[in-house]
Amino acid sequence: MKKFLKVFLLSLVLVPCCIVFAACGESDPLKSAPTAQLQSRQEINTVGTYTDSSYEEFSAIETSTEINKYKITGSSEMNYNGETMTVDFNSIVDLSDPENPKLAMFYVAEGSGQKASMSVFVVDGYMYSELNGQKIKVKIDVGDFISTTPDGFMGISDLDGLLTMFESGDQKLVVKKASEGNQTKYEISQSSAFELSTSAINASIKNLKSYVIFNGNEIVGFSASLTMDASVQGQTMSIDCNSTLAEFNEEIQFPDLTSYVETEAIT
């Protein structure tokens, strides 16, 4: 249970901070993605007949395996110093072959009257990125990529961050459960705002609503939405964010990568 979807909250906070603006103009931000897989938004089925449960019951579940292939779709809106920035993102991760990790992701950001898009692909030991029409590829160290991708690059690998947020909520959490066949769904919301403090962020969490879906004792789907007033590295901001993650059973579709120019990695 402690080894899935790590620092979900932090990933949604930091995503808006990593985009350099350029021009793009789709009404649906993800429709300008270079592949059909990245244009479609991830969804999970949260419908069920929910009855009262408890955080203790939820947190006691021991999962049997980690998901090595998953897709995550999300969006966030950050308000800072009177400016608003929105980000939509779609990412697919395939770590099923440690010798050949694969990644496809696409971000669209809007703020200060401008829009930007960025795509990144990882396959066959290279990272391919396109920003402002510039296409480059960089040789990666596969071992380093495997170790850092969940914790930093994607920001999602286990439930530690989510559990930390839940634990901070203490008695302010409302936990419900729905069961059908081998599938169990937990709905976790809050009765009032609570504070979250980690080494990277201090935040007041509001409007939290999360679903975690199990098939047997394996997590196969997850979603969360929340509002928070946060302080990150001394900067104060208000953030609305949501994200949905699910097991991904397809092969990643890559665009034509032959036009990308190889460059030295930045160290």
[atom1] of [X] to [atom2] of [Y]: how many Å apart, nearest 0.5 Å?
| X | Y | atom1 | atom2 | answer |
| --- | --- | --- | --- | --- |
| T73 | N90 | OG1 | CG | 3.5 Å |
| E218 | I61 | CD | CD1 | 12.5 Å |
| E247 | N68 | CD | CG | 9.5 Å |
| D94 | I252 | CG | CD1 | 5.0 Å |
| N217 | N182 | CG | CG | 10.0 Å |

Can you establish whether the number of heavy atoms outside [X] located under 6.0 Å from its atom [atom1] is more than 12?
| X | atom1 | value |
| --- | --- | --- |
| E251 | CD | no |
| K209 | NZ | no |
| E57 | CD | yes |
| K176 | NZ | no |

TODO: Could you check Q190 against I205 for side-chain contact (heavy atoms from CB on, under 4.5 Å), going step by step and ending with a plain yes or no?
DONE: CA-CA 9 Å; Q190 62 186 117; I205 307 298; 3.8 Å; yes

Open item on the list: Are S32 and L30 packed together at the side-chain level, in the sense that at least one heavy-atom pair is separated by less than 4.5 angstrom?
Closed with: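 Side chain of S32 against side chain of L30, heavy atoms only: no contact under 4.5 Å found.
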
Would [X] end up clustered with [Y] when hydrophobic side chains under 4.5 Å apart are linked, directly or stepwise?
| X | Y | value |
| --- | --- | --- |
| Y107 | V122 | yes |
| Y50 | F214 | no |
| Y211 | L173 | no |
| M85 | L131 | yes |
| I136 | M118 | no |

Distance-minimising heavy-atom pair for [X] and [Y]:
| X | Y | result |
| --- | --- | --- |
| T46 | K185 | C-NZ, 3.9 Å |
| G125 | N100 | N-OD1, 4.2 Å |
| S204 | A193 | OG-CB, 4.3 Å |

TODO: Evaluate salt bridge (charged side-chain N to carboxylate O under 4.0 Å, His left out) for D97 paired with K102, printing each intermediate quantity in order.
DONE: CA-CA 9 Å; D97 179 0; K102 299 176 183 178; over 6 Å; no

Between [X] and [Y], a side-chain donor and acceptor under 3.5 Å:
| X | Y | answer |
| --- | --- | --- |
| N242 | S75 | yes |
| N207 | T227 | yes |
| Y70 | Q42 | no |

- [ ] Please assess K135 against E262 for the test salt bridge (charged side-chain N to carboxylate O under 4.0 Å, His left out), listing each intermediate value before the final yes or no.
- [x] CA-CA 9 Å; K135 298 180 178 181; E262 185 167 0; over 6 Å; no

- [ ] Decide salt bridge (charged side-chain N to carboxylate O under 4.0 Å, His left out) for D229 and K206; before the verdict, give the C-alpha distance in whole Å, the side-chain angles of both, and the deciding distance to 0.1 Å.
- [x] CA-CA 8 Å; D229 296 319; K206 299 172 286 186; 2.9 Å; yes

TODO: Would you check if the side chain of K177 reaches a backbone N or O of D52 as a donor-acceptor pair within less than 3.5 Å?
DONE: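 No, because the side chain of K177 does not come within donor-acceptor range (under 3.5 Å) of the backbone of D52.
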
Open item on the list: Does K71 qualify as a cation-pi partner of F248, given the criterion of NZ or CZ under 6.0 Å from the six-membered ring centre and within 45 degrees of its axis?
Closed with: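 Cation-pi check for K71 and F248: fails.
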
Open item on the list: For Y260 and Y128, I'd like to know if the aromatic rings sit close, meaning centre-to-centre distance below 6.0 Å.
Closed with: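 Yes.
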
